[in-house]
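See below for the structure under consideration.
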Amino acid sequence: MGVWDGIMQVTKLAQEKKTDPLLWSIQVSSALNSGGVSLPSIELAHRLVSHICFDNHLPITWKFLEKAMSLRLLPPFLALSLLSSRVLPLRRLHPSAYTLYMDLLSRHAFSLLIHFPNYPSVMSSIHHLLHFSQLYSSLDPHPGVVLVLFLFTLVSQLLEASLSDEGLLQHSPRFLPVDPADIVIDNTDALRRKNTAMAIQIISRFLHHKLTSRILALVQRNMPAHWGPFLHQLQRLAANSTLLRSLKHVTPESLLPLDFNSPTGIKLLCSEWKTTPTLELNAVMADSCAVQSRHDSWSLLWLPIDLILEDAMDGNHVAEASAVEALTGLVKALQAVNGTAWHSAFLGLWIAALRLVQRERDPGEGPVPRLDTCLSMLLSITTLVVANLIEEEEGELIEEAEHSPANQRMDKQALGERHGELVTSLQLLGDYENLLTPPQSVIWGANQAAAKATLFVSGHSGYLEHTNVNDLPTNCSGNLRHLIVEACIARHLLDTSAYFWPGYVSAPFNQLPHSIPNHLPSWSSLMKGSPLTPPLVNVLVATPASSLAEIEKVFEFAIKGSDEEKISAATILCGASLVRGWNVQEHIVFFIIKMLSPPVPPKYSGTESYLISHAPFLNVFLVGISSVDSVQIFSLHGVVPLLAAVLMPICEAFGSSVPNVSWTAVTGEKLTCHAVFSNAFILLLRLWRFDRPPVEHVMGGAATPALGSQLGPEYLLLVRNCMLASYGKSPRDRVRSRRFSKMISFSLEPLFMDSFPKLNIWYRQHQECIASTCNTLAPGGPVSQIVEALLSMMCKKINRSAQSLTPTTSGSSNSSLSSLDDALMKLKVPAWDILEATPFVLDAALTACAHGRLSPRELATGLKDLADFLPATLGTIVSYLSSEVTRGIWKPAFMNGTDWPSPAANLSIVEQQIKKILAATGVDVPSLAIDGNAPATLPLPLAAFLSLTITYKLDKSCERFVVLAGPSLIALSSGCPWPCMPIVGALWAQKVKRWSDFFVFSASATVFHHSRDAVVQLLRSCFASTLGLGSACIYNNGGVGTLLGHGFGSHYSGGFTPVAPGFLYLRVYRSIRDVMFLTDEIVSLLMLSVRDIANGGLPKGEVEKLKKTKYGMRYGQVSLSGSMTRVKHAALLGASFLWISGGSGLVQSLITETLPSWFLSAQGLEQEGGESGVVVAMLRGYALACFAVLGGTFAWGIDSSSPASKRRPKVLEIHLEFLANALDGKISLRCDCATWRAYVSGVMSLMVSCTPLWIQELDVGILKRMSNGLRQLNEEDLALHLLEIRGTSVMGEVAEMICQTRL
């Protein structure tokens, strides 16, 4: 007789005699051992379950089965699988069997013991028995994966059975085997109800048990297609089950599982897991992220937003990337890292933008963006950031709904929550009254917005245009929140229900004023069909549009109207609607770009470009958008590449045309193709880093952003091509496209420099001019003739002979021109030809001045005549003179007041003001003092450039030229030896006193170009001011206000007001020659700040003194949570400055080079003793962890929407390889052990909780190594989370780790 026949005979005999199950189990175990059967036995499970179901469905046989499962004679999971496939279909016929099955389920499904010899084969049997290959076709039959699917299937079977038994199942069961016979035995209804209640209780236990809930969370994370229907059924049971409501210990609310993807859900699940001192530190880390008890602390969580907003106000830098996109990524990163609700993130964004506006309430003067740009940042850019975030969520939900079963789509659509969070943030914003006070220039607009809301609430919404706000019988004083709400309503982020928020409007009124004035021209007149009469045009130019429909109406005039109407439409769009049309600004910039590229007339066959006939129309735009604020607004909206791409054809066309035809401009002056070309060309030059001196092309290092100092027209076209090629592919783009006008479209064809041959030739010449001196020009050629004509024009105007200026270019005296008229006649050539000749003209003039053949005054006059004749030559003048300064071959010019202008009248005053600025920010650089006895000198090309610039009048007609020359002069002077920039500032301050503050500030910024120590001192002041460190700290308690201050300018009586250190740094960091050293310096400052924070904000020397007093230990009473909050603020500041200064390249250098080197050496750290030393060491590790992760989130984002994110996986894998090698003992570290442990656990905790998408991109092998290393540090929970996030590729290993982990 075989082994199995003998075992079944023993079982039948024991069944008849009702033998004790323990005795039966001993007999069976002996028989199995005698037969050489390994335990637990798969075959025994099959035979015993087959024996019971249902011929021997007796209590004693179930007891035998339970005892065999308890003693592991057979695999419990396999027995449960066999029973589920047999009992569940017949649960109505055999309700008692269903009861016993669930009892076994409760006893054995939650003891997840997987360490037994034939574990893989058992799980393989379950895989085939329950048909997992059909249910989950794409999953790997890894034993751990089968374990996950086994538990999920058991719960799903119970759920479908419960729904079916209560008549709630809406479709045929997927997991539940079909009942072959719908037979119901009498008098079992109570038992069946009891079974259903028991099943619901077991489901709840599965979802909340510390092990099974975590394993089921793997299904939610990695198998959304299966989890979604499961959750839907669970919600249906919770909402409709009558039995559920009768249970005492399970409620509909408790039945629903935790949100395993949220930090809160994970934290609750982990509360029963083993904790260690490091895990407790990590908990404090997480808590410190959400500190909002004090406004200063909460406000510092959003410090990077303040820095980015202020940095965007630097008029010397026209960014090609959109501020909207940059801020969108930054807000997402900060919301994730800070662990706050979205309304808190929105509120942080609004407050940062309001602070920016308040810093510019009383701006100083200078060629920099001012209040209009700040208001655009608040009311347009910031609002668009919020729109982006809301539309991103909406796009994701729509995409998710499209891939969900039809019965879930409505639920998916209803899950979007950021709209509501926006409302909450704006309601909370009303508490910040000081920040909401409008600047003087927008008080009228704020009052209009408040009046609009008041009239709407009062039921008189149609009367606003006919009513003077001052005539209303109630107070309608508005603030900046009213303008913000209007901007949100215009973009459909809010509706007019906002007008009814508590406190939003003053008391409504029931009666309008008796005297309503006659209807005046307004935007509504245009919308009702009024023609563009001069009075109406004047009103529309001065009044910003408020809706897209109004802009589209103007666009129709620009496309289909008469020539006069087209010019009127262009004038309107470049008026108040551009700089103050905050509700429609993103539309305005696109319409202007579109109109700068008018369509080609049908069947056009002219010899010259069709653009020439549009000269007056195009020129209105070119002049209208040339102001500093206008260009910065285009930059903020990220359309600079598109603008450059439409300016290039204009430059190509008008620069290739001979100026034989003229037009009358709007101002009444004569307009030639040279003038149109110059306006377009100078505007184009301002869109890239044209004014940077050539020395910058050899500065920097690996951390310099790609093509950072060489951004030119080629790069702008490349960015333009990428923008258009990628737009519309993301779900957010598809939602966002609904906001934009259907009248706007752009060609998707890529553009390259080869498309503009003349511009390309000039650009190559520009680059050659930077690289080397001018070549010798062959006499008699066309370029030589233009050179002579230009020199003759310049010299005739100053009554000199051109021959003396051209010893190297004139072939003979016969080539000299006889008169100024002859010269001007010969200069009726295309502008590109004149630009080609200009470097040779400048070389001749500068050489003549150097050799005494031309006086400095005559040189300046000649250069001004050249720039007046063709303003576009100003670009070549800048390029040539900057290159010659860099070459350093010219003798110095003595600024003595005889040959060259003298700065002596106020140079000492400028020096004192520079010292005042530096001293106020804690910077002391004695080596840069100005020697009052030494003669003031400048390099000859710089002196010539300076003399040219101070000949310009600062009126509106010259503004577009000055804003090119001014920043170029400052950039060039900054690179020259000290004190060139103070000399330049002193001379400009003499000419334009109202710009004095600007040039003094620029001169003080030059210090940091020359001194690395000054940069370090300034950064130290930034840390001290932000964190409020030091016993005699001049910055009080720190915060954003002390870091960024109030801008610059003479805001108060008594002269120049010193600037704050952070504001100064944001204006000087671009002039730092090599940013690579910043990484080490910021790390060092961060470590010093951590020590001071641990000491309660006092320097070490004072702490030692304090220890000796009777209250000496009070310094140590600073809470760990409070210290970690301040440490995080320090890391936030350091990461922000690192990212702003060097972009993703510097962050990459930090992670792959600086931090590994620091851990290997840990130089310069003072070892602290005792308990405080351990705390300082742990805080240092936490600070570095925050520093690294924050820098990464800023540089790469938390998702894959940023192009920079493509480099992220490689950089992170390099760093994690270093961490894993150190944890494996392959690398010897010299840093403190507590610092290392805190860093490793801190970095991985932040990545797990804040940037899970980073982990999903990484190689599985390195993650497994890191997980093993974390377990060595007793970080079991963190090691588990790390692999949980990685996805299906490690789901089996994670499940087995969960089973192996014990309390």
Side-chain angles (χ1 to χ4, degrees), residues 694 768-781 783-817 820 823 836-867 869 873-874 876-902 935-951 969 972-973 976-977 980 983-984 987:
E768 291 169 3
C769 181
I770 291 174
S772 62
T773 57
C774 289
N775 298 323
T776 301
L777 188 62
V783 177
S784 176
Q785 293 177 12
I786 296 174
V787 169
E788 293 176 357
L790 288 171
L791 289 172
S792 296
M793 176 199 69
M794 294 165 61
C795 295
K796 292 297 181 182
K797 287 194 172 184
I798 57 176
N799 301 316
R800 290 290 299 269
S801 168
Q803 188 173 359
S804 63
L805 272 64
T806 58
T808 59
T809 59
S810 297
S812 66
S813 59
N814 295 332
S815 63
S816 297
L817 298 173
L820 178 60
E836 184 181 2
T838 301
F840 302 100
V841 174
L842 298 173
D843 188 61
L846 203 61
T847 302
C849 183
H851 290 84
R853 297 194 301 272
L854 195 66
S855 71
R857 185 179 298 276
E858 291 170 338
L859 174 63
T861 303
L863 291 177
K864 183 63 165 61
D865 290 337
L866 175 62
F869 172 72
T873 57
L874 190 59
T876 304
I877 292 172
V878 171
S879 173
Y880 172 81
L881 295 178
S882 298
S883 301
E884 293 305 312
V885 169
T886 304
R887 277 188 263 280
I889 60 177
W890 300 92
K891 66 180 183 180
F894 291 90
M895 314 303 289
N896 52 20
T898 304
D899 299 318
W900 298 92
S902 171
T937 62
L938 293 176
L940 178 62
L942 177 58
F945 189 19
L946 171 63
S947 298
L948 168 63
T949 58
I950 61 179
T951 62
L969 176 65
L972 179 57
S973 305
C976 293
C980 288
I983 293 172
V984 170
L987 285 168

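Quick note: residue numbers are just sequence positions, from 1.
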Notebook entry, point to check: Going from CG on Leu874 to CZ on Phe945, what distance comes out if it is rounded to the nearest 0.5 angstrom?
Noted result: 6.5 Å
Checklist line | From Leu881 atom CG to Leu863 atom CG, the distance as rounded to the nearest 0.5 Å | finding: 7.0 Å
Item checked: Taking every non-hydrogen atom, the tightest pair across Asn896 and Thr898 -> OD1-N, 2.9 Å
Note to self: Test your reading of the model: is there a side-chain donor-acceptor pair from Ser882 to the backbone of Ser879, 3.5 Å cut-off?
What the structure shows: no
Margin query: For Pro901, give me all partners under side-chain contact (heavy atoms from CB on, under 4.5 Å), at least two apart in sequence or on another chain.
Written below: Met895, Ser947, Ile950, Leu987
Check: Atom CD of Glu788 and atom CD of Gln785: how far apart are they, to the nearest 0.5 Å?
Finding: 7.5 Å
Item checked: Test side-chain contact (heavy atoms from CB on, under 4.5 Å) applied to Tyr880 and Leu846, step by step -> CA-CA 11 Å; Tyr880 172 81; Leu846 203 61; 4.1 Å; yes
Note to self: Less than 4.5 Å apart, side chain to side chain, heavy atoms only: is that true for Leu866 and Leu842?
What the structure shows: yes
Notebook entry, point to check: Where do Cys980 and Leu942 come nearest, in terms of heavy atoms and distance?
Noted result: CB-CD2, 4.2 Å
Check: How close do Met793 and Asp865 get, heavy atom to heavy atom, and via which atoms?
Finding: CE-O, 4.0 Å
Item checked: Closest heavy-atom pair and its distance - Glu858, Leu854 -> OE1-CD1, 3.5 Å
Item checked: Sub-4.5 Å side-chain heavy-atom contact between Cys976 and Leu938 -> no
Next item on the list: Using atom types as modelled and distance alone, determine if a side-chain donor or acceptor of Lys891 lies under 3.5 Å from a backbone N or O of Leu940.
Entry: no
Notebook entry, point to check: Do Ile786 and Val841 have side chains that get closer than 4.5 Å, going by heavy atoms?
Noted result: no
Checklist line | Contacts of type side-chain hydrogen bond (donor to acceptor under 3.5 Å, both in side chains), residue Thr838, not counting sequence neighbours | finding: none
Next item on the list: Calculate, to the nearest 0.5 Å, the distance between atoms SG and CZ belonging to Cys849 and Arg857 respectively.
Entry: 12.5 Å
Next item on the list: Please report the shortest heavy-atom distance between Pro941 and Glu884, naming the atom on each side.
Entry: CG-CB, 3.7 Å
